[in-house]
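Here the structure comes first, spelled out in structure tokens, and everything after it is commentary.
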Amino acid sequence: MFNSLVAPLSQSFHVHTLAFFVCAVISVLIVGISKSGFGAGLGILSLPLMASQSSINEALAILLPLLIAIDLVGLRRFIRNANWRILKLILPPAIVGLALGMFFFTAITPKVLTLSIGIFTLLFLMQNLAMTYFDSREAKPYPWLGRAMGLTSGFTSFVAHIGGPPITVFMLRENLLPMVYTSTLGVFFTFINFGKLGPYAYLELLNFQQLATSLLLLPCVPFGVYFGFYLAKRISMKWYYHIVRFFLLVASIKLISDGLL
């Protein structure tokens, strides 16, 4: 019994190179930190980093159980602090986005998707910086933007685990406290990531060897998550959103570069 459990882990360890595990550990830590809210930009670096030492489909499959584990680590805190008004607005279209992502998964070109998200994110940042000249208290809510970005985030999360930038386009307009912002995104992506399990299995992206690799990387999960919470509690709201915008800029440049090369 013990050997039957250990054998897949041992096999997964020997199948992959040291370079793969170095990149994979960094990827998992990045995703964990992303739950603090900074990862709207930073989090998109995790998939290409891991995929640099494996195929894109393998990286998607290995990361999904880890994303779910990260969601579960902070879920109680997320539920307690989340803004449920926003979640009721963005979750239904996100589910539609997941369905569209499954339908178009084999049809869409990853480079086209990556380039489109990168350009869109960069344009948003330019618009967001221009809006800083106006009093944010006068900004009007845009429910249609929440629905549109929820749908886009569900789609891009399914096909490439890069749902952060689209939904952040809407979330930054809400001017939430850092912990509320973090928790709302945490609940949102908990629903999204659990929603990907069935379709990923149907598309035969998941297998036992990839699950074994996810288990090997599982101990890295809490380190990233709690470090992200540590930062979110100790950084002022002003600097928090400056950091979010900075990593969105990094993300947009990285996505555009990946889409063009």
Side-chain angles (χ1 to χ4, degrees), residues 31 33-44 67-68 70-101 117 120-121 124-125 127-132 134-158 161-196 225 228-229 231-245 247-248 251:
V31 174
I33 293 171
S34 79
K35 290 301 174 181
S36 69
F38 305 121
L42 183 63
I44 69 100
L67 290 170
I68 291 172
I70 289 168
D71 294 332
L72 293 177
V73 168
L75 186 58
R76 186 171 64 177
R77 192 176 306 189
F78 294 155
I79 291 173
R80 188 169 62 244
N81 295 289
N83 185 311
W84 290 92
R85 173 188 64 81
I86 292 175
L87 286 169
K88 289 177 183 177
L89 177 70
I90 62 179
L91 272 172
I95 294 170
V96 176
L98 286 178
L100 291 173
I117 297 171
F120 174 79
T121 304
F124 159 72
L125 275 173
Q127 181 267 347
N128 187 259
L129 288 172
M131 289 297 294
T132 58
F134 300 96
D135 190 341
S136 62
R137 289 173 298 180
E138 295 179 0
K140 297 179 180 179
Y142 289 96
W144 65 266
L145 182 64
R147 296 186 185 97
M149 294 303 98
L151 187 145
T152 305
S153 183
F155 181 84
T156 58
S157 181
F158 187 95
H161 293 331
I162 48 176
I167 198 61
T168 304
V169 169
F170 171 71
M171 292 293 290
L172 282 178
R173 291 193 59 86
E174 295 297 298
N175 292 315
L176 303 172
L177 292 173
M179 188 53 68
V180 178
Y181 173 93
T182 299
S183 300
T184 305
L185 285 178
V187 173
F188 177 76
F189 282 110
T190 298
F191 277 96
I192 292 297
N193 290 326
F194 270 101
K196 289 188 277 190
V225 173
F229 279 133
L231 293 175
K233 281 185 174 181
R234 285 160 178 79
I235 295 177
S236 70
M237 187 171 176
K238 177 182 177 181
W239 279 103
Y240 185 87
Y241 283 108
H242 282 327
I243 293 171
V244 171
R245 292 184 182 96
F247 281 121
L248 271 179

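On a predicted model such as this, the values are computed, not experimentally measured, just so you know.
R76 pairs by the side chain to side chain contact (heavy atoms under 4.5 Å, CB included) definition with R80, not counting sequence neighbours. With sequence neighbours left out, L89 forms a side chain to side chain contact (heavy atoms under 4.5 Å, CB included) with P143, R147, F170. A search for side chain to side chain donor-acceptor pair (under 3.5 Å) contacts involving S157 returns K196, not counting sequence neighbours. With sequence neighbours left out, the side chain to side chain contact (heavy atoms under 4.5 Å, CB included) criterion links I68 to L64, L72, N193, F194, L197. By the side chain to side chain contact (heavy atoms under 4.5 Å, CB included) test, A82 pairs with W84, L87, S183, T184, V187, sequence neighbours left out.
Atom CG of L98 sits about 12.0 Å away from atom CZ of F191, to the nearest 0.5 Å. Atom OG1 of residue T168 and atom CG of residue L185 lie 5.5 Å apart, to the nearest 0.5 angstrom. For the atom pair M171 CE and N83 CG, the distance stands at 7.5 Å (nearest 0.5 Å).
Residues L151 and L100 meet the side-chain proximity criterion, which asks for heavy atoms closer than 4.5 Å. Put simply, the side chain of E174 reaches to within 4.5 Å of the side chain of R85, judged on heavy atoms. You'll find the side chain of T182 stays beyond 4.5 Å of the side chain of N81, heavy atoms only.
Here the shortest heavy-atom pairing between S153 and F188 reads OG-CE2, 3.5 Å. Pairing each heavy atom of I192 with each of G154, the nearest pair is CD1-CA, 4.3 Å. Between P166 and T156 the shortest heavy-atom distance is CG-OG1, 3.8 Å.
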Start with the C-alpha gap between T190 and I79, add the side-chain angles, then the distance that decides, and say whether side-chain contact (heavy atoms from CB on, under 4.5 Å) holds. CA-CA 10 Å; T190 298; I79 291 173; over 6 Å; no
